[in-house]
Structures are given as C-alpha cells and as structure tokens.
Colleague: 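My structure is below; once you've seen it, I'll send some questions.
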There are 2 protein chains.
Amino acid sequence: MEDLRFDYGDETPELVKRQLSRLAGMTSGLMSRIAAEALGEVGAHKFHFVVLAALDEFGPASQSVIADRTRVYRSDLVAVLNELADGGWIVRAPDPADKRRNTITITDAGRERLAELDAVLAGVNERIMAPLDAEERRQLFALLGRVNAHLAAGG
Amino acid sequence: MEDLRFDYGDETPELVKRQLSRLAGMTSGLMSRIAAEALGEVGAHKFHFVVLAALDEFGPASQSVIADRTRVYRSDLVAVLNELADGGWIVRAPDPADKRRNTITITDAGRERLAELDAVLAGVNERIMAPLDAEERRQLFALLGRVNAHLAAGG
DNA sequence: CCGTTGCGTTAGTGCCACTAACGATGTATA
DNA sequence: TATACATCGTTAGTGGCACTAACGCAACGG
C-alpha cells in the first residue's frame with residue numbers, strides 16, 4: 001500500500017476503520033520498515049538478531065533446533081548462518097556425535113554484535129512506543145500477546 | 001516464518017520477547033491469513049472490500065481518488081476494479097468533463113456485496129478479538145491507532 | 001540389511017509491495 | 001496558437017519474502 005496511515009479521518013470509510021487486521025497490518029508494516037532501516041544501518045537483518053539471541057541464551061545448538069526456536073525456515077537459516085559465520089559472530093562445526101548435524105556456537109564477537117543489535121532495537125522500540133507511557137506499553141504487549149497466543153493455537 | 005506464535009515460554013529468548021515489531025508482525029500475519037481465508041471463501045480480496053466501502057460511503061469517484069482513499073497503488077487498483085466490474089459490483093465510465101479520468105460508481109449489487117463482505121469481516125474481527133472483552137478491544141484499537149498515527153507522521 | 005527418518009542444503013514458486021514509463025488528455029504560459 | 005508540463009489510467013516490470021519440494025548423506029530401528 002502507498003502509505004500506511006490507518007485513519008485519515010473523514011477520508012477513511014467507517015467500515016474500514018473497524019478492521020483490526022488492517023490496523024495491525026499497516027502498523028506492523030511501519031514498524032518493520034523502521035526496524036529494517038535501523039538494522040540495515042549496521043549491516044544487519046532481523047534474523048541475525050534472533051539467531052544470536054537464541055545462541056546466547058540457550059548455548060550451542062543444531063541448525064534445526066535454532067530454526068525451531070527462532071521460527072526461521074531451515075532453508076532461509078542457511079544464508080543467515082553463512083552471513084554470521086562470515087562476520088565471525090558464530091562458528092559452524094560438524095557434530096562428532098551425529099554427522100548429519102552442525103553445531104552452531106556464538107563467538108565473543110557474536111556476543112558483542114548481539115549487544116550492538118539489542119541496543120539498535122532498543123532504540124527502535126523506544127521510537128515505536130514513544131506515544132505510550134509505561135503502563136500503556138505493558139498493556140499493548142499484553143493485549144497483542146493474548147491475541148497472538150489465541151490465534152496461534154487455532155482460535 | 002514457520003509458525004507465528006510469538007512466545008514459546010522457555011524456548012523463546014528473552015531478548016526476542018521484548019520486540020514489539022516482532023510481536024506485531026507475527027500477530028498481524030496470523031490476522032491476515034484468517035481474513036484472507038475468510039474472504040477467499042466468498043471469492044473476494046481485501047481490496048474489494050475497501051474499494052466498495054469507499055464508493056458506498058463517499059459516492060462515485062475517479063480511480064486516483066479511490067487510490068488515495070484506500071491506499072491501494074494505482075497500478076494495483078486496475079485489476080481490483082476489473083474484478084469488481086466483471087462481477088457487476090461497480091460501473092466504470094469515462095468522465096465527460098475530463099477524458100483522462102474514469103468515474104467509478106458502485107451498483108446495487110455492489111452494495112449487497114459490500115454488506116456480504118462486511119459480515120464476513122465482522123466474523124473475522126470476532127474471531128481475532130475473541131480473547132478480549134469490549135473494553136480491551138477498545139484499548140487495543142486505541143493503542144495501536146496512536147502508534148500508527150505517530151509512526152505514519154514520521155515519529 | 002533395509003526401510004524410514006533426520007539434517008542441511010539447493011532450487012525453486014508465487015505473491016506482494018512497489019516503481020518506471022507510456023499514450024492520451026488537459027492546462028498554463030509565452 | 002504552440003509548447004511544455006502535469007494528470008490519468010494502464011502496462012510492464014523488479015526485488016524480496018514466505019514458503020515448499022527434493023536431494024545426498026547419515027542415523028536408527030526392526
């Protein structure tokens with residue numbers, strides 16, 4: 001869509017203003033652009049962040065376990081890991097116990113990179129939620145989280 | 001992404017759970033699928049709905065005015081209007097005052113179709129917001145709407 | 001030993017968001 | 001009156017993303 005403002009007052013049909021999926025879609029589109037631009041400025045992609053976060057919190061893991069934890073498709077994860085390995089942020093090594101598997105381990109540089117990306121995304125979050133106070137931010141997370149859990153469970 | 005549940009408890013990194021853009025993206029992805037499936041069952045697309053809603057509320061308009069009101073790209077609007085015309089829900093006629101322009105008018109069948117799509121989307125809204133009571137629904141709209149307005153204004 | 005499953009990878013497909021450019025038309029200015 | 005610029009609607013794309021299928025190698029269970 002051309003631009004992603006949901007409500008243009010008198011110019012937006014009332015029936016359209018009632019659609020939560022449109023509001024959520026447009027708002028999420030704006031948020032994605034902002035996050036992608038911010039991450040792009042440090043040469044990163046959102047999947048870099050979630051993969052490093054999973055490795056940092058849970059320790060070394062196989063590609064399929066990482067895919068499960070991050071919800072990145074196995075086929076897409078290959079390129080993400082290639083980029084992280086090329087940057088020196090992870091090491092990819094065959095698992096001696098099972099040659100089908102690689103074990104992916106975060107490096108010290110990877111932890112630093114994660115801290116950098118986390119700071120970038122903290123800035124994005126601050127920007128995105130700027131109009132809301134602390135209680136409203138909590139509420140927005142809670143409400144969207146409940147809707148997400150409901151729909152993901154087949155609701 | 002593989003599936004769009006945001007929070008798998010202990011399996012989801014804490015740093016990832018803090019990202020509103022990820023929560024909004026995954027939740028909106030679920031909502032879009034549900035809306036697309038529901039509309040697909042009556043042979044419709046979301047742009048059909050917003051275009052008919054704009055014509056019904058504001059009256060006949062040119063393609064570029066409709067594009068402005070619905071935020072559908074002019075290039076994409078061509079196919080949408082083709083489908084609506086083929087279905088007998090709109091009429092596309094040259095504007096005698098300016099041969100560059102078409103005037104698009106909703107038909108009686110188009111108003112009935114709008115009512116049908118509105119009912120389908122009312123069902124989608126009910127399903128999406130099922131975990132929330134009336135006050136929480138109002139709050140979610142309000143919070144997302146404020147964030148949307150802020151970001152769309154360049155925040 | 002063999003059939004089935006798992007792992008990682010490659011090779012796609014289809015759709016969507018979006019842009020560029022064209023021909024016809026209208027307008028403003030010199 | 002002619003010309004330059006802008007508008008309208010349309011066609012023709014592009015790039016990226018969400019997603020699936022299939023392959024070769026490896027492991028496991030019966």
Side-chain angles (χ1 to χ4, degrees), chain A residues 1-5 21-22 25-37 39-40 44-48 50-51 60-85 90-104, chain B residues 1-5 21-22 25-37 39-40 45-48 50-51 60-85 90-104 152:
Chain A
M1 263 173 284
E2 274 185 27
D3 86 276
L4 295 173
R5 178 188 292 271
S21 67
R22 182 169 164 100
M26 293 174 108
T27 307
S28 146
L30 289 164
M31 292 175 180
S32 294
R33 281 184 195 166
I34 291 167
E37 278 164 18
L39 289 169
H45 181 276
K46 64 188 179 185
F47 290 160
H48 296 159
V50 301
V51 167
S62 70
Q63 292 182 208
S64 62
V65 164
I66 293 170
D68 286 344
R69 284 176 175 150
T70 58
R71 263 68 207 173
V72 176
Y73 290 102
R74 284 155 178 67
S75 50
D76 297 332
L77 190 60
V78 176
V80 176
L81 294 177
N82 288 346
E83 289 156 14
L84 290 172
I90 63 156
V91 166
R92 201 197 222 126
D95 182 343
D98 186 336
K99 288 190 176 56
R100 292 175 296 181
R101 280 201 295 253
N102 291 326
T103 297
I104 313 297
Chain B
M1 266 175 282
E2 275 184 25
D3 85 278
L4 296 174
R5 179 189 291 270
S21 67
R22 183 170 163 99
M26 294 175 109
T27 308
S28 144
L30 288 164
M31 293 175 179
S32 295
R33 282 182 195 168
I34 290 166
E37 278 165 18
L39 288 169
H45 181 276
K46 63 188 179 184
F47 290 161
H48 295 160
V50 302
V51 168
S62 70
Q63 294 184 206
S64 63
V65 164
I66 293 170
D68 286 344
R69 284 174 175 153
T70 58
R71 264 65 210 175
V72 175
Y73 290 101
R74 285 158 179 63
S75 50
D76 296 333
L77 189 62
V78 178
V80 176
L81 295 177
N82 288 345
E83 290 157 14
L84 291 173
I90 62 155
V91 167
R92 204 199 221 124
D95 182 344
D98 186 335
K99 288 188 175 61
R100 291 175 297 179
R101 280 203 292 254
N102 291 326
T103 298
I104 312 299

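Since the model is a prediction, treat every value here as computed from it, not as a measurement. Sequence lines set the chain letters: A, B, ... in the order given, protein chains first and strands last, and positions in each chain run from 1. Only heavy atoms go into these numbers, but all of them, side chains included; no hydrogens, no water, no symmetry mates.
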Colleague: Show me the protein contacts with nucleotides 22-24 of chain D, counting only N or O atoms at under 3.5 Å.
Modeller:
none

Colleague: Could you give the CG-to-P distance, from Asp3(B) to dA18(D), as a whole number of Å?
Modeller: 14 Å
Colleague: With sequence neighbours excluded, tell me which residues meet side chain to side chain donor-acceptor pair (under 3.5 Å) with Gln63(B).
Modeller: Arg92(B), Asn102(B)
Colleague: Would you compute the distance between atom CG of Leu77(B) and atom CZ of Arg71(B) and round it to the nearest 0.5 angstrom?
Modeller: 12.5 Å
Colleague: Going by the rule side chain to side chain contact (heavy atoms under 4.5 Å, CB included), which residues pair with Ser32(B) if we only count those two or more places apart in sequence or in a different chain?
Modeller: Ser28(B)
Colleague: Does His45(B) or Gln63(A) map to a spot on DNA chain C nearer the 5' end, using the closest nucleotide for each?
Modeller: Gln63(A)
Colleague: Check side chain to side chain donor-acceptor pair (under 3.5 Å) between Arg101(A) and all other residues, then give those that pass, not counting sequence neighbours.
Modeller: Asp95(A)
Colleague: Taking CZ from Phe47(B) and C1' from dC18(C), how many angstroms apart are they, rounded to a whole number?
Modeller: 11 Å
Colleague: Counting only side-chain N and O atoms of Arg33(A), is one of them less than 4.0 Å from OP1 or OP2 of dC18(C)?
Modeller: yes
Colleague: Establish, with yes or no, whether the OP1 or OP2 oxygen of dG9(D) is under 4.0 angstrom from a side-chain nitrogen or oxygen of Ser64(B).
Modeller: yes
Colleague: Can you measure Leu77(A) atom CG to dC19(D) atom C1' for me and round it to whole angstrom units?
Modeller: 15 Å
Colleague: Without decimals, in angstroms, what is the distance between Arg74(A) CZ and dC19(D) C1'?
Modeller: 13 Å
Colleague: Is a donor-acceptor pair below 3.5 Å formed from side chain Asp76(A) to base dC17(D), judging by atom type as modelled?
Modeller: no
Colleague: Ignoring backbone atoms, establish whether Asn102(A) has a side-chain N or O less than 4.0 Å from OP1 or OP2 of dT9(C).
Modeller: yes
Colleague: List for me each residue that meets side chain to side chain contact (heavy atoms under 4.5 Å, CB included) alongside Ile34(B), sequence neighbours excluded, and say none if there are none.
Modeller: Leu151(A), Val124(B), Arg127(B)
Colleague: Would you classify Ser75(A) as touching base, sugar-phosphate or nothing, given that sugar-phosphate means primed atoms plus P, OP1 and OP2, and contacts are heavy atoms under 4.0 Å?
Modeller: base
Colleague: What are the two closest non-hydrogen atoms of Val50(B) and Thr70(B), and how far apart are they?
Modeller: O-CG2, 3.6 Å
Colleague: Specify the residues of residues 90-101 of chain A, ordered by number, for which at least one heavy atom lies under 4.0 angstrom from an atom of DNA chain D.
Modeller: Asp98(A), Lys99(A), Arg100(A)
Colleague: How far apart are the closest heavy atoms of Asp3(A) and Met26(A), and which atoms are they?
Modeller: O-CE, 3.8 Å
Colleague: Roughly how many Å is it from CZ in Arg71(A) to P in dC19(D), rounded to a whole number?
Modeller: 13 Å
Colleague: Partners of Pro94(B) by side chain to side chain contact (heavy atoms under 4.5 Å, CB included), sequence neighbours excluded?
Modeller: none
Colleague: What is the distance, rounded to the nearest whole Å, between atom CD1 of Ile104(B) and atom P of dC8(D)?
Modeller: 13 Å
Colleague: For Ala61(B), what residues pass the side chain to side chain contact (heavy atoms under 4.5 Å, CB included) criterion, not counting sequence neighbours?
Modeller: Val65(B), Ile66(B), Arg69(B)
Colleague: Measuring to OP1 and OP2 of dA18(D), would you say a side-chain N or O of Tyr73(A) lies under 4.0 angstrom away?
Modeller: no
Colleague: Asn82(A) has an atom CG; how far is it from atom C1' of dG8(C), in whole Å?
Modeller: 11 Å
